Each structure stands twice: as C-alpha cells, then as structure tokens.
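Just so we're clear, the structure is a prediction, and the values are computed from it rather than from any experiment.
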Amino acid sequence: MLERVVSDLLGSPVSSKWVGVHGVGGAGKTLLAKRVCENHQVKEHFDPVLWLTFGQTCQVEAKQAELANQIRLESRISNETLRRGLAGKRCLMVLDDVWTSGDLLDLFDVVQENGSKIFITTRKLDVLDSRGAIKTKMGLLGKEDSLKLFTVHAYPNQKYAQNQVKKIVMEQVVEKCGGLPLVLKVIGRRMAGKQDWD
C-alpha cells in the first residue's frame, strides 16, 4: 500500500495534485500517511512536507495559522498569503482526517500545480471524489496479519509462548477486532503482560 501511494504522489501528472486514501476509522490511514512522509523518495521530491489534522470539527482559522507557522509566515493569514508563501516550492501537504469537502478543501488548495500534491486521509469517499483525487482504499487486515499484529503488541518483549488456551482466546479476540489495525494494537497492548486471559 505504501509503495502504491508513493507511486501515486511521485508518478502522477503535474496537473493531478489531489491524492488520497479512504477507509473505515482505525484502518491505518494516518499511519500510512506518516509512513509516506517518512519515505526517503518523498522527502527528496517534496520540500516542504506539511501536515494538518482536521477531525469532525475544526477551526479553519486555527488550521490556516498552523499552516502559516509551518511555512514561517507572520503576516495576516489568507489563502493568497499562503499561496505566496508556497510559491515556487514543490510541496506535499497532508490533510489528515478530513470529514467534509467543499469550502474546507477550497481554503487549503494553496499549492501550485508544479508537481506539488495534496494528500488527504478520510473516511468518506465523496471527499476524494469531489476533487477528482487519485484514490486508494484502505482495506482491513486478514486473519493471519491480524494475529501477527495483535501478537506483537500483546507480547512486546518476548516470543509468543505456544499455550493452546491462550491461542484460542487470542484467535477469538482477534476475530472480534474485525481486522482493524488500531483496535488490534490497543487491545493487544491492554492484554500485554496479563497472565489470565479468561
């Protein structure tokens, strides 16, 4: 998945500045976006790499000020000021956890069509469709990958002991987590170090 998104960001036409990933909450969209930003090809290609997290409710002015701070602008903040601050730069702007399209995305459409990209993570496919974005869907983990992820967090400092009772309980817990990486991680950490899993 990481390779696909990096390819979409680096290989898509200059005119296609919107790229995004969508899926259910807890599927790993934000983690994927962080990995994308840490990728050496991405860091070499884009400068600067900017990050804004939105959520269901957000204060647009506060987010604009946060973006202005990231690009070291001190003047009165507006779309035009932000555009001028990014002029001539090939940047990657991550808009994480976007819930609505329309005006919100218009306000943050401040990068140039010079190879710069806006990468959106969202639960809502229509957010990406509203921009004609290159899309990737985050799927859920299969049974084997779910068990591996859970085990890594349930047994962080040791190898998993092949205890048949624990194995059955682990498989039941993993099944109830529904393939959601965030849930597997949180539940695994909660179970870590516990002797009695009944």
Can you tell me how far apart [atom1] ([X]) and [atom2] ([Y]) are? Round to the nearest 0.5 Å.
X    : Y    : atom1 : atom2 : result
K29  : D96  : NZ    : CG    : 8.5 Å
L128 : H22  : CG    : NE2   : 6.0 Å
I118 : C91  : CD1   : SG    : 7.5 Å
R131 : I134 : CZ    : CD1   : 15.0 Å
L140 : M138 : CG    : CE    : 9.0 Å
F119 : C37  : CZ    : SG    : 8.0 Å

Does some side-chain heavy atom of [Y] sit less than 4.5 Å from a side-chain heavy atom of [X]?
X    : Y    : value
H153 : L184 : no
Q172 : K176 : no
V111 : L50  : no
L182 : L31  : no
R35  : N39  : no
F150 : I187 : yes
M170 : M191 : no
L141 : K148 : no

Taking the six-membered ring for Trp, are the ring centroids of F54 and F108 within less than 6.0 Å of each other?
-> yes

Of the non-hydrogen atoms in [X] and [Y], which two are nearest, and what is the gap between them?
X    : Y    : result
A133 : G20  : CB-N, 4.3 Å
G26  : P181 : O-CD, 3.1 Å
G179 : S146 : CA-OG, 3.6 Å

Less than 4.0 Å between a side-chain N and a carboxylate O, is that true for D129 and K135?
-> yes

Can a salt bridge be assigned to the pair K17 and D109 using a cut-off of 4.0 Å between side-chain N and carboxylate O?
-> yes

Indicate, with yes or no, if [Y] and [X] share a hydrophobic cluster defined by side-chain heavy-atom contacts under 4.5 Å among Ile, Leu, Val, Met, Phe, Trp and Tyr.
X    : Y    : result
L92  : I120 : no
M93  : F46  : no
V19  : V49  : yes
V186 : V173 : no
L32  : W51  : yes

For side chain to side chain donor-acceptor pair (under 3.5 Å), just list the numbers for T53 and D97, CA-CA rounded to whole Å, side-chain angles, deciding distance to a tenth of an Å, and then say yes or no.
-> CA-CA 6 Å; T53 300; D97 198 20; over 6 Å; no

[Y] backbone acceptor or donor facing [X] side chain under 3.5 Å:
X    : Y   : value
S7   : E3  : no
N114 : K89 : yes
Q56  : W99 : no
K117 : V94 : no

Option passing side-chain contact (heavy atoms from CB on, under 4.5 Å) with L95 (candidates V127, L105, L104) | L105

Is it the case that atom [atom1] in [X] sees more than 12 heavy atoms from other parts of the structure closer than 6.0 Å?
X    : atom1 : value
E38  : CD    : yes
D126 : CG    : yes
Q59  : CD    : no
R190 : CZ    : no

